[in-house]
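Read through the structure below, which is laid out as structure tokens, and then see the notes.
Quantities reported herein were computed from a predicted structural model and do not represent experimental measurements. Reckoned from all heavy atoms, side chains included, excluding hydrogens, waters and symmetry mates.
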Amino acid sequence: EEIDITYLDDAKKNRIMIDYAPRVYMAENEPYGAASMDFVYDRFDRVADDNGAYRLVMKDEMKHPWEIIDLFYGDHENSEAYAFWIEKEGGYVDVSYFQYCPFDSGKYIWLIGCMAGAHAGDWEHFTIRFMTYERNGREYMRPVKAAFPAHTFAMIVSWEDLEMYDDKHCQIYCAAGSHGMYPHVGDHAYLDLGLVFRLVDSCTKGEPWDLWEEDKLATFEHKIPDFESEEEIPEGCRALNGSEWADCFSHDVFNPDGLA
């Protein structure tokens, strides 16, 4: 379906991002859910390092590196995702949907007899690429493909080959433990060393998370500087639907009054 974007304002961008937001299936019995920024920032302190750059430090102390604290379970029922409108070269627009999970549980490696790869704090995302074009004096856009980044690679799938909930909302799957995004259920090997070991992400059809529902998606426009242009466009992020968290994604880690 093509979208008329002849008169494209913030409200229209916000509407498009919601209209095409995916249904995310978490893995069955996934204990480590997503969390919103308001949930996270209540549980972290923003602390400057020796160079004046700020970072987030957990308020809860861990007794040992393997301790699972309450923060790691997230607050999935009340969580929201974060979508970014990004205009790209060649007449494309990427809309990326991000979720934050406070903890990834890693994989069991039989060769060393323990879990490996577990870590606190994880952003995962899924991107829809739209193509823009002009016809009879009007401007349009339509979705053409999607990207599923996981670990060190990304799976690219054409829009026509996605699983669809309806004509606009596709269905995607969040892997157990790692939260990597994939286009279908099943096991997805991302490191295969034959008889030594094989790392696999498993996707199942667990709890659905419909990002188009009310209070489930905050939308932003992210500006990327064009270094070949004479016009100075600073990198930045601004909210499209009134979210207070645009400053969190600004990358201005040296601002003592900021959120990044």
Side-chain angles (χ1 to χ4, degrees), residues 3 5 7-24 34-42 44 46 54-56 74-76 78-102 121-132 139 141-143 145-149 154 168-170 172 174 179 181 209-227 229 231-255 257-260:
I3 310 158
I5 55 170
Y7 303 103
L8 185 62
D9 56 11
D10 287 355
K12 181 77 170 182
K13 292 175 183 176
N14 176 64
R15 186 71 262 162
I16 292 170
M17 296 165 84
I18 293 173
D19 284 348
Y20 283 84
R23 162 173 280 194
V24 181
S36 299
M37 289 297 95
D38 51 357
F39 176 89
V40 171
Y41 271 74
D42 283 345
F44 282 78
R46 191 169 180 263
Y54 283 81
R55 58 192 177 90
L56 298 180
D75 183 35
H76 193 80
N78 300 307
S79 183
E80 66 179 358
Y82 303 90
F84 299 86
W85 178 285
I86 308 168
E87 296 182 3
K88 311 288 281 191
E89 294 182 355
Y92 293 101
V93 172
D94 286 352
V95 177
S96 293
Y97 299 87
F98 280 76
Q99 70 178 38
Y100 178 78
C101 294
D122 183 45
W123 284 101
E124 298 289 349
H125 71 285
F126 156 79
T127 298
I128 300 175
R129 169 154 289 190
F130 293 83
M131 179 178 67
T132 66
E139 296 181 9
M141 66 188 299
R142 62 180 179 85
K145 61 182 67 176
F148 296 81
K168 293 181 179 179
H169 303 295
C170 62
I172 65 178
C174 185
H179 304 115
M181 297 295 186
W209 186 19
D210 295 334
L211 300 190
W212 62 85
E213 291 185 347
E214 186 176 1
D215 298 326
K216 294 299 181 186
L217 188 68
T219 61
F220 306 86
E221 182 172 24
H222 185 64
K223 291 287 187 182
I224 300 176
D226 182 358
F227 297 105
S229 173
E231 182 182 1
E232 290 190 9
I233 303 176
E235 182 174 7
C237 181
R238 62 187 186 88
L240 297 180
N241 65 349
S243 172
E244 63 180 308
W245 294 110
D247 187 37
C248 174
F249 307 113
S250 69
H251 300 166
D252 186 7
V253 298
F254 293 97
N255 183 358
D257 299 318
L259 295 171

For [X], give me all partners under salt bridge (Lys or Arg N to Asp or Glu O under 4.0 Å), at least two apart in sequence or on another chain.
X	answer
R15	D19
D38	none
D252	none
E80	none

Check for a donor-acceptor pair, side chain of [X] on one end and backbone N or O of [Y] on the other, with a separation under 3.5 Å.
X	Y	value
D210	W212	no
Y97	M17	yes
Y82	M37	yes

For the [atom1] atom of [X] and the [atom2] atom of [Y], what is their distance to the nearest 0.5 Å?
X	Y	atom1	atom2	value
S243	F220	OG	CZ	3.5 Å
E213	L211	CD	CG	9.0 Å
M181	F98	CE	CZ	10.0 Å
I172	I128	CD1	CD1	8.5 Å
W85	E221	CH2	CD	8.0 Å

Does R55 form a side-chain contact (heavy atoms from CB on, under 4.5 Å) with V253? I'd like the steps, not just the answer.
CA-CA 7 Å; R55 58 192 177 90; V253 298; over 6 Å; no
Looking only at non-hydrogen atoms, find the nearest pair between [X] and [Y] and report the distance.
X	Y	answer
S250	A260	OG-CB, 3.9 Å
H222	C237	ND1-CB, 4.0 Å
V24	Q99	CG1-OE1, 4.1 Å
A83	L217	CB-CD1, 3.8 Å
W209	H76	CE3-CE1, 3.5 Å
Y20	H169	C-ND1, 4.1 Å

Taking side-chain hydrogen bond (donor to acceptor under 3.5 Å, both in side chains) as the test, write out the residues that go with D94, two or more places apart.
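Expected list: R129.
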Is there a side-chain contact (heavy atoms from CB on, under 4.5 Å) between N78 and F39? Walk through the geometry before answering.
CA-CA 9 Å; N78 300 307; F39 176 89; over 6 Å; no
Run the side-chain contact (heavy atoms from CB on, under 4.5 Å) test on M141 and I16 for me, step by step, so that the C-alpha distance in whole Å, both residues' side-chain angles and the decisive distance to 0.1 Å come before the verdict.
CA-CA 10 Å; M141 66 188 299; I16 292 170; 3.9 Å; yes
Within 6.0 angstrom of [X] [atom1], more than 12 heavy atoms from elsewhere:
X	atom1	answer
K216	NZ	yes
Y92	OH	no
R46	CZ	yes

Looking at side-chain heavy atoms only, is the closest gap between [X] and [Y] below 4.5 Å?
X	Y	answer
K12	I3	yes
N255	Y54	no
V93	K13	no

Can you sort out the partners of N14 under side chain to side chain contact (heavy atoms under 4.5 Å, CB included), two or more places apart, ordered by chain and number?
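Expected list: I18, T219, L240, N241.
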Answer yes if the ring centres of F84 and F249 are under 6.0 angstrom apart, and no otherwise.
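Yes, the ring centres sit under 6.0 Å apart.
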